[in-house]
Amino acid sequence: MTSSPVSNQSYLTLNDGNRIPQLGIGVYLVPDGEPTEAAVSQALRQGYRHIDTAHAYQNERSVGRAVKASSLERSEVWITTKLWPSEYGEGTTAAAIDRMLERLDSDYIDLLLLHQQFGDYTGAWRDMERAVAAGTVRSIGVSNFESSNLEDLLGRATIKPSVNQVECHPYFPQDELREHLAPYGTLIESWYPLGHGDSGLLNEPLFASLGAAYGKTPAQVILRWHIQRGNIIFPKSSNHEHIAANMDIFDFALTAQEMQEVARLASGRRFYTLSLADQEKRLGAWAPED
Ligand SMILES: NC(=O)c1ccc[n+]([C@@H]2O[C@H](COP(=O)([O-])OP(=O)(O)OC[C@H]3O[C@@H](n4cnc5c(N)ncnc54)[C@H](OP(=O)(O)O)[C@@H]3O)[C@@H](O)[C@H]2O)c1
């Protein structure tokens, strides 16, 4: 973990050598247009240099506009986006990447993920590897790959996934997956880092007491825990104060004992509980508009 002179935040080096800002802003469920542009613009003004979107979120155009409207060079901002299974397959994925670049109004994507582990993900991966060779994508990774499909892809991939973006928070810290991915250098990106705003998680007495000790909110303590675990995070917020607070976590550190106390909250509880079969049925039946 190294410090950045830009925002005092930390960067991690991926298994392909690219350096990713460890903290970003996520825009899942943030409506396209003004809400996404406002959240991303505020984040960029406050030192965020990483945005996590997806074709499925239907707000890539707004992300692109906010980045363009900022005073920053494109190279200063890390943009992650994700392909939906309807876009998987050799040739199909190449065309989908071209449309993504248009929507983002960018010459390249920093990190491109397979959003779900269904469909022709191996064909998609081949096109993603070609996009890396062509320079239109810098890093590639997966999301929600937690079954035998992960082994399958790891076995076939020439470029090993740089990240696996999965549900991860103090109740479900993904210890096994983290250990499994370590030999490949694949990092964990945490979705639902704040439990999707779950009040039970945010109101855990431990986070209140640690927050009181450091002058931080429970949410800031949880985000700091992620950072010290080596997770890449992009909490979603459309709230002015939260966006500012979520970046203000680089001036304190939890002790090893405090990290252990948080580890004891691990209960195996996930907030997203749809079975794999139901996910495939439901998500496979949907395709994002262009
Ligand atoms: N790959 C995938 O399948 C997948 C799935 C889900 C999410 N994701 C990614 O992960 C990102 C984060 O996940 P998420 O948005 O679902 O959940 P999250 O970041 O865990 O939680 C977001 C919720 O927490 C609230 N919040 C944010 N900062 C807060 C603070 N400082 N104090 C109190 N509440 C706070 C937000 O409300 P306000 O807006 O009011 O602040 C919102 O209700 C997404 O935006 C997306 O980029 C990926």
Side-chain angles (χ1 to χ4, degrees), residues 20-32 35-36 38-40 42-43 46 48 50-60 62-63 78-85 110-118 121 141-146 150 161 163-174 177 187-204 207-208 211 216-227 231-249 269-274 276 279-280 282-284 286 288:
I20 184 171
Q22 199 178 354
L23 174 80
I25 184 165
V27 291
Y28 174 47
L29 298 179
V30 185
D32 196 26
T36 295
V40 173
Q42 188 200 334
Q46 282 177 325
Y48 287 74
H50 172 175
I51 303 146
D52 185 90
T53 183
H55 187 195
Y57 304 169
Q58 302 274 269
N59 53 19
E60 289 168 309
S62 303
V63 168
W78 182 282
I79 300 178
T80 295
T81 190
K82 314 180 191 88
L83 292 157
W84 195 250
D110 293 278
L111 174 58
L112 181 63
L113 306 184
L114 293 171
H115 203 150
Q116 306 289 347
Q117 56 174 329
F118 314 124
Y121 55 80
V142 297
S143 177
N144 299 307
F145 274 65
E146 295 186 56
L150 175 60
V163 303
N164 191 358
Q165 186 178 122
V166 291
E167 179 174 350
C168 179
H169 42 71
Y171 290 157
F172 197 80
Q174 293 281 13
L177 185 64
L187 300 183
I188 296 284
E189 291 200 328
S190 306
W191 57 257
Y192 284 9
L194 296 172
H196 202 48
D198 179 72
S199 58
L201 179 67
L202 288 168
N203 289 328
E204 282 286 352
F207 300 130
K216 297 290 173 183
T217 66
Q220 288 173 310
V221 172
I222 296 171
L223 296 177
R224 182 69 212 178
W225 170 84
H226 280 283
I227 293 290
N231 298 335
I232 298 163
I233 49 172
F234 22 81
K236 171 267 168 184
S237 183
S238 305
N239 173 298
H240 202 73
E241 283 174 19
H242 291 166
I243 293 174
N246 294 348
M247 172 53 82
D248 186 20
I249 58 168
R269 180 176 172 207
R270 286 177 183 250
F271 292 103
Y272 190 79
T273 53
L274 215 57
L276 204 60
Q279 284 180 45
E280 185 162 12
R282 189 180 295 183
L283 304 177
W286 182 80

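Order of appearance sets the numbers: ligands from 1, and atoms from 1 within every ligand.
- Under the salt bridge (charged side-chain N to carboxylate O under 4.0 Å, His left out) criterion, D248 pairs with K216, sequence neighbours left out.
- Using modelled atom types and a 3.5 Å distance limit, the side chains of D52 and Q165 yield a donor-acceptor pair.
- Aromatic ring centres of F172 and Y192: separated by at least 6.0 Å.
- Classification of the Y121-F145 ring pair by plane angle, with boundaries at 30° and 60°, yields perpendicular.
- For R270, the salt bridge (charged side-chain N to carboxylate O under 4.0 Å, His left out) criterion is met by E146, not counting sequence neighbours.
- For ligand 1, the 4.0 Å heavy-atom shell takes in G26, V27, Y28, D52, Y57, K82, H115, S143, N144, Q165, W191, Y192, P193, L194, G195, H196, G197, A219, F234, P235, K236, S237, S238, N239, H242, N246, ordered by chain and residue number.
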Would you tabulate the side-chain donor-acceptor contacts of residues 194-204 under 3.5 Å, counting partners in other chains and residues two or more places apart, or write 'none'?
| from | atom 1 | to | atom 2 | distance (Å) |
| --- | --- | --- | --- | --- |
| D198 | OD2 | G200 | N | 3.1 |
| D198 | OD2 | L201 | N | 2.9 |
| N203 | ND2 | S199 | O | 3.1 |
| E204 | OE2 | Y171 | OH | 2.5 |

